[in-house]
Structure formats: C-alpha cells, structure tokens
Protein chains: 2
Amino acid sequence: MNGPFLTKLEYSGHTDAADRAAIASIVAHHRVVAARQDLSAEPGRSTVLVLLQGVMCRYRVMDGRSRRIASFVLPGDLCRLPEAPPKTSDWNIGALSRCAVGEIPIEALTALARERPNINRILWWMTLNELARAREWLVTGTMPAPQRTAHLFCELHACLQAAGLAEGGAFRLEIGQAALADAVGLSTVHLNRTLRILREAGLACLSRGRVEIPDLAQLRAFATFDGAYLGLNGPVARTGGALHLGT
Amino acid sequence: MNGPFLTKLEYSGHTDAADRAAIASIVAHHRVVAARQDLSAEPGRSTVLVLLQGVMCRYRVMDGRSRRIASFVLPGDLCRLPEAPPKTSDWNIGALSRCAVGEIPIEALTALARERPNINRILWWMTLNELARAREWLVTGTMPAPQRTAHLFCELHACLQAAGLAEGGAFRLEIGQAALADAVGLSTVHLNRTLRILREAGLACLSRGRVEIPDLAQLRAFATFDGAYLGLNGPVARTGGALHLGT
DNA sequence: CGCACTTTTGACCAGGGTCAAGGCAGGTGG
DNA sequence: CCACCTGCCTTGACCCTGGTCAAAAGTGCG
C-alpha cells in the first residue's frame, strides 16, 4: 500500500531500510479522495499527507476563471506539510483523479526527523526537489508548446518511474487535457493541437488516461530534458553528508 | 556592513537579537564581486554566501544564446548553500551589478543551526521563501507583460524593503533592461515597450538604475500583488512552532 | 436514450518575438 | 575640447505562436 512512497524514498538515495520501515510505521489512516475534490479547505489540519495513488495538483485560480497549476503531486510526494506562520502560501491542492492518500501525524514526523538524521535529510530533499521542479518549469515556460509538453511528459515519467509506476516508456495519467493545459500554461485548444503534433511525430501519445512514449531518448532529446534536477539517484543506498541544504 | 542581512532576518520574524548576533559573528571574508561576473564556477566551495549589496541572479543559458533568470538574489539572501549529492541543480549565479558578499563557512552555519533552533528555522524559512517566489513567478508567467513586470517590481520592492533598502516607493535597481527581460521572460524590445506603458500610466518608472513607484497601492492592485507569499512579518519577534516545513 | 463532459477541428485575432536601424549616453585618446 | 567608439535604450515594421470563439464529434453514465 505504501509502495510508491517507499520506492521513491529508496530512489532518493538518502534512506536505508530501517529509515523506510520507521516512516512506514507512522503512516496511518489511509483514505480515498474523489477526483475533483479539494483538500486545502480543511482547517486545523495536523497531518501531513502522502499521496499513494492518483494525481493531485497545487493550483491557484487567477482572475476568477483561469486556473494555474504550479505543480503536480505524484504518488510518493508529501503535501500539506505544516507551514511557517503566518501562512506563506495560498495554494489549493486538488485531486485530479481518484486518489489514495496516507495521513502522517505531524508530531510523529517531526519526532522521527529529530531522532533519525536521514529522515530530516529526506524532508530537505523533498523540499529542494519541489524547488528544483518549480524552477525547471520556469525555464520550460519559455520553450515552444511542443517542447514544453514533451518536457513535462519526461518529468512525469521520471518521477513515476522513481515511484515504481512506469511500465517501460508508458505510464498512467488519469488527467483531463484541461488539467494538462493549465499545468503547461497553454489553452486547452492549443494543448490538444500540441498533443496531436507529438503523436504524429511519434514522440508521445496520450490517450485514455495513459501516456505512451515509444522512444524515451528521442523525446528527451526533443525536449532537452536532463533529469538531474530531480535528484533521483536510483535505488542505491547513500548516506552521510551534512545539512543537505540546497540552492 | 551586515545591515541588510540582519534587517531581513528581523523581518522574517523568526529570530531574536541573540540569534542575529550569533549569525553575524560567523559572517567572514567580506568581498566584492564585479558586475557580470559568475560565481558558480568556483570548485570545492565550502562557504555559503550572503549578498550584502547589489543584485545577483540565478540563471541558465538555454539554447546557447538565450538566458533565463529563475530568480534574483537580493541583499540579505543566501546563495550557494551546499547541495544534496548528486548535484541537483545546474544553475549559474551571476552578479548583475557590482556586489558585496559575505562568506559563511558551512560548518559554522550547520553547527549554529544545530544549537539554535531559530537558526535552523531561518534556513527553512529562506528555502521556503525561494520556493514560494519560484511558484509565484510561475503564476505571473501567464499574465500579460505589463502586469507581470509590475508584479516583479512589487516583489522587488517588498524584498528590498525588508532588507531596509527601499526609500518610500523607490529603490535602486542597477540592472540593465536585458536582465529584467530575461527575468520576466520577455524580449528586450518588448520589455522596453512595457516599461514605457507603465511609465506613461504613472504606475512605475525605471530610469538610471532606480525604480520609482508613485503609488504603491495602485501598482499592487494593477499587478494583483499580494505579498503574503514572501512570509515577511515585519520586524516583530516571533518564535515557537515546530519544524516549520512548508508546502 | 439522453445528458453532460471532454476531445477535436475550424476560423480569426492579437500579444509578443525578431530583425534592423536609429538615438543617447559615458569613456578614451588625440 | 572634440572625435570616436562601444554598449544600452528606443522605436519601426513584419511575422508567428498561441489565445479566443464557436461548433461538431466522441465518450461515459444514469
């Protein structure tokens, strides 16, 4: 059940088996979130969420109509970490598909972070990961639509791969084109055309909730994608190092 | 000399005078960086830098020609924090104007973070700050050019204000229009036209390294700027709280 | 079977990129 | 003191990517 989460922790290269067992033991209250449902409005929340299945997104509604997706939350990602007061962010988190999440009591997590340096390190790693992803999107924002979309597919593939959810060059992505458009910053119409371009070029094909990438290397070259920013080391144990700050 | 840094720490609302004195004491080796010079290429670096004067930027060169600026480094900001291995980022840091920086030995910083919870909190705060800024830029990226530029001015003003470097609605910004364009994601030509629009609308005026904002409230309304994401509390002591993670 | 949502396509328009040529400094050397 | 040069700002003309409006074709579900 915690599969994707643990697999991702393994990929991060900052945990050993004991760390993963420890963190798995504090994941409680698995529950299901329906597609299209918002998580953010729950007040007095004292739990961190781990996404285990499905896709969620962090978004903001702009002029009352258009929505901008700042990041996806993929299986293995944490969200709703406690914020530093006063609230520094007004992002909504919404489920784009039917999702399964685990809840982690904050006190348990902080306690674990205090007693296990690797867990602390993982929290830093995840945060820096988000930062790196956000900045990468800033860069891709200036690329033409097909490249940008391709780049997103590459990123999704890499992240899902690290969570053990890719089947070769293919992965499930149960998302409407509208959501994809909001993430890439295109209109639905133009995203659709862009998808057609990618499909006809044989680079990638999204259909019925599934992305198929015939030739990953080719797509990556097309999108000038270099996954180093994701900090995924492969499932290799790797410890040591100090504070592990970034930037 | 450490003025902007300490003022900003004060604004962050997570430090008391003792924290600031402690951190000030480990800032060593003040030095000057010429405009246009890159910092990133220094190997074996074991120091964190605090920017004290001037403006730097975190950028990447895209197709060999065009540069994208992912964030500005303003007085009071840290940069070149140690990275988690393997290197997760390939960003360059360059001085856009003549800069003064302080160097902080990493070991001293990590030691301080270990013994003073507030310092640890500040490191989190700064990182989350960067994250919030990056995401905000993602959102502004979809706004039309004048609003986007105005939004950037508002952000710069708020950050510089927190470092004690704003004089009312005006602040120094010794940056070429090309740099600004790369940050906002516009061409130099179009940025220039956009600046003219803002100037003629009486919203903001950039000239000879100085931005003047006649009516801050008006500019903010125009850009739909809400500075909450910067997490600046004003110079009020505020402690407590636990891990202070965000997202 | 009908309803509602999503995907697809067409036609038209505009924000912003690109190319290219002038202004307008400040710095240097005669 | 002036000619010159280099770099930056400014403006014009033209084009193209991608937005908007609108309608048709799937697709899933009660």
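Quick note on labels: first sequence line is chain A, next is B, and so on, each numbered from 1. We use all heavy atoms of the structure for the numbers below, so side chains are in, but hydrogens, waters and symmetry mates are not. Just so it is clear, the model here is predicted, and its values are computed rather than measured.
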Name all residues meeting the salt bridge (Lys or Arg N to Asp or Glu O under 4.0 Å) criterion together with [X]; count only those two or more places apart in sequence or in a different chain, and write none if there are none.
X	value
A:Arg148	none
A:Arg193	none
B:Arg98	none

Open item on the list: Just to verify, what does A:Arg67 make a side-chain contact (heavy atoms from CB on, under 4.5 Å) with, not counting sequence neighbours?
Closed with: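 Scan of A:Arg67 (side-chain contact (heavy atoms from CB on, under 4.5 Å), adjacent residues dropped) gives A:Tyr59, A:Ile69, A:Leu96, A:Ala179, A:Asp182.
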TODO: Mind checking side-chain contact (heavy atoms from CB on, under 4.5 Å) for A:Thr194 and listing every partner two or more places apart, or none if nothing turns up?
DONE: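 side-chain contact (heavy atoms from CB on, under 4.5 Å) list for A:Thr194, sorted by chain: A:Ala145, A:Pro146, A:Thr149, A:Leu186, A:His190.
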TODO: Could you tell me whether A:Gly185 contacts a base, only the sugar-phosphate backbone, or nothing, with contacts defined as non-hydrogen atoms closer than 4.0 Å?
DONE: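 Sugar-phosphate contact only - A:Gly185 comes under 4.0 Å of backbone atoms but never of a base.
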Open item on the list: Side chains of A:Arg172 and A:Val55, heavy atoms from C-beta outward: is any pair under 4.5 Å?
Closed with: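 No - every pair of side-chain heavy atoms lies 4.5 Å or more apart.
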Open item on the list: Side chains of A:Arg60 and B:Arg135, heavy atoms from C-beta outward: is any pair under 4.5 Å?
Closed with: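 Counting from C-beta outward, A:Arg60 and B:Arg135 never come under 4.5 Å.
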Task: Residues forming a side-chain hydrogen bond (donor to acceptor under 3.5 Å, both in side chains) with A:Arg210, sequence neighbours excluded - done: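 With neighbours one apart ignored, the set is A:Glu167, A:Glu212.
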Open item on the list: B:Arg68: which residues meet the side-chain hydrogen bond (donor to acceptor under 3.5 Å, both in side chains) condition with it, sequence neighbours left out?
Closed with: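 None.
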Task: Nucleotides bounding contact with chain B, strand DNA chain C, heavy-atom threshold 4.0 Å - done: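 Extent of the interface on DNA chain C: C:dG16 to C:dC19.
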- [ ] Report the distance from atom CD of A:Gln147 to atom C1' of D:dG18, rounded to the nearest whole Å.
- [x]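 Checked: the CD to C1' distance equals 14 Å.
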Please list each protein N or O that sits under 3.5 Å from an N or O in nucleotides 28-30 of chain D, with the distance.
none

Task: Sequence neighbours excluded, every pair satisfying side-chain hydrogen bond (donor to acceptor under 3.5 Å, both in side chains) that has a member inside residues 214-224 of chain B - done: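 Checked against side-chain hydrogen bond (donor to acceptor under 3.5 Å, both in side chains) - neighbours excluded - no pair reaches residues 214-224 of chain B.
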Atom pairs, protein N/O to nucleotides 8-16 of chain D N/O, distance under 3.5 Å:
residue: D:dC8; atom: OP1; partner: B:Arg36; partner atom: NH2; Å: 2.6
residue: D:dC9; atom: OP1; partner: B:Gln177; partner atom: N; Å: 3.3
residue: D:dC9; atom: OP2; partner: B:Gln177; partner atom: N; Å: 3.2
residue: D:dT10; atom: OP2; partner: B:Gln177; partner atom: NE2; Å: 2.7
residue: D:dT10; atom: OP2; partner: B:Asn192; partner atom: ND2; Å: 3.4
residue: D:dT11; atom: OP2; partner: B:Arg196; partner atom: NE; Å: 3.1
residue: D:dG12; atom: N7; partner: B:Arg193; partner atom: NH2; Å: 2.6

- [ ] Kindly calculate the angle separating the two end axes of the helix from C:dC1-D:dG30 to C:dA21-D:dT10, each obtained from five base pairs, and round it to 10 degrees.
- [x]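 Helix axis angle between the two ends: 40°.
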